[in-house]
There are 2 protein chains.
Amino acid sequence: MYTLAEENYLKAIYKLSLIAENVSTNQIAAELATKASSVTDMLRKLAEKLLINYTRYQGVSLTQAGEKVAVNIIRRHRLWEYFLVEKLHFKWDEVHEMAEEMEHISSNELIDRLDEFMGFPSRDPHGDPIPDSKGNFKKNDLKPISSVDVNACGIISGVRDHSSAFLQYLEKQGLIIGKKITVKEIITYDSAVILQMDSKDLQISRDVANNLLIAL
Amino acid sequence: MYTLAEENYLKAIYKLSLIAENVSTNQIAAELATKASSVTDMLRKLAEKLLINYTRYQGVSLTQAGEKVAVNIIRRHRLWEYFLVEKLHFKWDEVHEMAEEMEHISSNELIDRLDEFMGFPSRDPHGDPIPDSKGNFKKNDLKPISSVDVNACGIISGVRDHSSAFLQYLEKQGLIIGKKITVKEIITYDSAVILQMDSKDLQISRDVANNLLIAL
DNA sequence: TAATATTTTTAGACTTGTCTAAAAATACAA
DNA sequence: TTGTATTTTTAGACAAGTCTAAAAATATTA
């Protein structure tokens, strides 16, 4: 249906669109670790196929068709991650690269059966919601710890950084999905955050607080 | 590790090697539905990577390294087919194309865990043996029905043609893996074969008898 | 608002894998 | 064994996706 490169571009544009409506060539280049000139070439092709809205120098956004394709890729990615963790017992920091390959397996029938096989999970191992077969899913209402007030209390529910370095750090600190935490103090000097978890105090940096999401 | 095209060539050469030691350019071209000139180009590349033994005009064979890669692809293919049939409940005639895509997922750790998850199956849904993680597997000792004598008796255990047309035909006739059959008569005129199965007689054509394998 | 900096696009080239058409090598047959 | 048919390779071209270098457009700032 779509080439590997096309799918990766659509996914990148979708991801960047969550932050700001309009996505720039350079942002896409950075996201895909490629050059701006390569991006421009691909944007012309995607626009021709009516998957993006594109005017030279003006940035891009996904069309409805493009968004549908992107959401479907995300559905596949998250279902395979769930499979790898729940059925094959991989750790949550080991599955991203594998799922990056598996998300391009084209059969939707396969994905629907996989979904059913696993009991229609609603979130992947990193707490991200899994779109259903029609593409519906709740937008993430999770907040980075860096954005909540002192004394706020919530459940660790997701991450913004999926790198294994970050996930391994969290694991080591016991900061795993489902844990209940309370924000005890925010250090003015460097925006570090002191959390209470399991009746113990734990300090995390601003970067970590930015990338760790909680449900209030 | 290897490109999609390289993997497909190695798999094709492996498959053809089972029939005759040395494989010709035209055979490969036919197997991959491509042109002989394209095959020649790829053969040069595979030879350079020491995956095949190749001298111009003399046909090719796999090196040990090449065979190892090919067997690994076959392992992945057959394990995914088993997964699709046993876990996702696809029919045996529906899984080939999906497995053709899935066999290129590169992680061996993934495949080993999948193997374990399914209890280390020894044969795929079409009766073909599944290599273990070291690449060991029993060569098929199954025989086409067309090659056995009258009064021979055996268990339907495999197929040589994996097309859904053929598999659907077998399904319809009840000729599925595990069934016990007896060869009652071979018609001299057209080599058709009359089988006995479940105390009933059933006639199959020479083509079918050629592609349906039994364990004696 | 004019000069400078940044971003984006264009132009031209490269790689992988494919193709057609023609040449070279091998196989077959008289 | 010589001529013909077949197979295989070479030569040159093309599409997809990428790159570098340079040009064009946009944004910033003095």
Side-chain angles (χ1 to χ4, degrees), chain A residues 1-17 19-62 66 69-70 73 100-101 103-104 106, chain B residues 1-17 19-62 66 69-70 73 100-101 103-104 106:
Chain A
M1 199 61 179
Y2 299 102
T3 68
L4 183 63
E6 285 170 344
E7 292 200 346
N8 285 334
Y9 273 89
L10 291 172
K11 191 170 53 137
I13 296 167
Y14 180 87
K15 185 174 168 186
L16 295 167
S17 298
I19 302 161
E21 188 68 15
N22 222 36
V23 177
S24 77
T25 301
N26 264 358
Q27 285 177 304
I28 298 168
E31 177 70 24
L32 294 175
T34 183
K35 295 297 148 93
S37 55
S38 308
V39 175
T40 301
D41 283 350
M42 183 57 93
L43 293 184
R44 249 194 298 102
K45 291 175 198 164
L46 293 175
E48 199 146 301
K49 294 185 178 183
L50 305 179
L51 295 166
I52 59 172
N53 304 115
Y54 172 55
T55 340
R56 276 157 72 242
Y57 294 101
Q58 299 312 130
V60 297
S61 62
L62 293 174
V69 175
I73 298 165
E100 290 279 295
E101 285 185 67
E103 73 192 8
H104 301 291
S106 62
Chain B
M1 200 63 178
Y2 300 101
T3 68
L4 183 64
E6 284 170 345
E7 291 199 347
N8 285 334
Y9 273 90
L10 291 173
K11 191 171 51 135
I13 294 167
Y14 181 87
K15 186 174 167 187
L16 294 166
S17 297
I19 302 161
E21 189 68 15
N22 223 35
V23 178
S24 75
T25 301
N26 264 358
Q27 285 176 305
I28 299 168
E31 177 71 24
L32 294 175
T34 183
K35 296 296 149 94
S37 56
S38 309
V39 174
T40 300
D41 284 349
M42 183 57 92
L43 294 184
R44 249 196 296 101
K45 292 175 200 166
L46 293 174
E48 198 144 305
K49 295 187 179 182
L50 305 179
L51 295 165
I52 59 172
N53 304 114
Y54 172 54
T55 340
R56 276 154 74 241
Y57 295 103
Q58 298 312 131
V60 296
S61 61
L62 293 175
V69 175
I73 298 165
E100 290 279 294
E101 285 185 67
E103 73 192 7
H104 301 292
S106 62

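Quick caveat: nothing in here was measured; it's all calculated off a predicted structure. Chain naming here is simple, since letters A, B, ... match the order of the sequence lines and numbering starts at 1 in each.
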Any [X] side-chain nitrogen or oxygen under 4.0 Å from OP1 or OP2 of [N]:
{"X": "B/R56", "N": "D/dT10", "result": "yes"}
{"X": "B/S38", "N": "C/dT18", "result": "no"}
{"X": "B/N26", "N": "D/dT8", "result": "yes"}

Subject >> Base of D/dT8 paired with side chain of B/S24 (donor-acceptor, under 3.5 Å) >> reply: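 Side chain to base: no pair below 3.5 Å.
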**OP:** Go through the N and O atoms of the side chain of B/S37 and the base of D/dT8, and report whether any donor-acceptor pair is under 3.5 Å.
**Re:**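 Donor-acceptor pair under 3.5 Å: no.
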Original post:
Regarding A/N22 and A/S61, is there a side-chain donor-to-acceptor distance under 3.5 Å anywhere?
Top reply: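 On atom types as modelled, these side chains do not qualify, holding no pair under 3.5 Å.
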Original post:
Looking at A/K15 and A/E31, does any basic side-chain N land under 4.0 Å from a carboxylate oxygen?
Top reply: yes
Original post:
So does B/K11 pair up with B/E6, basic N to acidic O under 4.0 Å?
Top reply: no
Selection from [options] that lies nearest to any side-chain heavy atom of [X]:
{"X": "B/T40", "options": "C/dT18, D/dT8, D/dA16", "value": "D/dT8"}
{"X": "B/K35", "options": "C/dC19, D/dT18, D/dT8", "value": "C/dC19"}
{"X": "B/Y57", "options": "C/dT26, D/dA16, D/dT26", "value": "C/dT26"}

Original post:
Whole Å only: how far is the CG atom of B/L4 from the P atom of C/dG17?
Top reply: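 Atom CG in B/L4 sits about 9 Å away from atom P in C/dG17.
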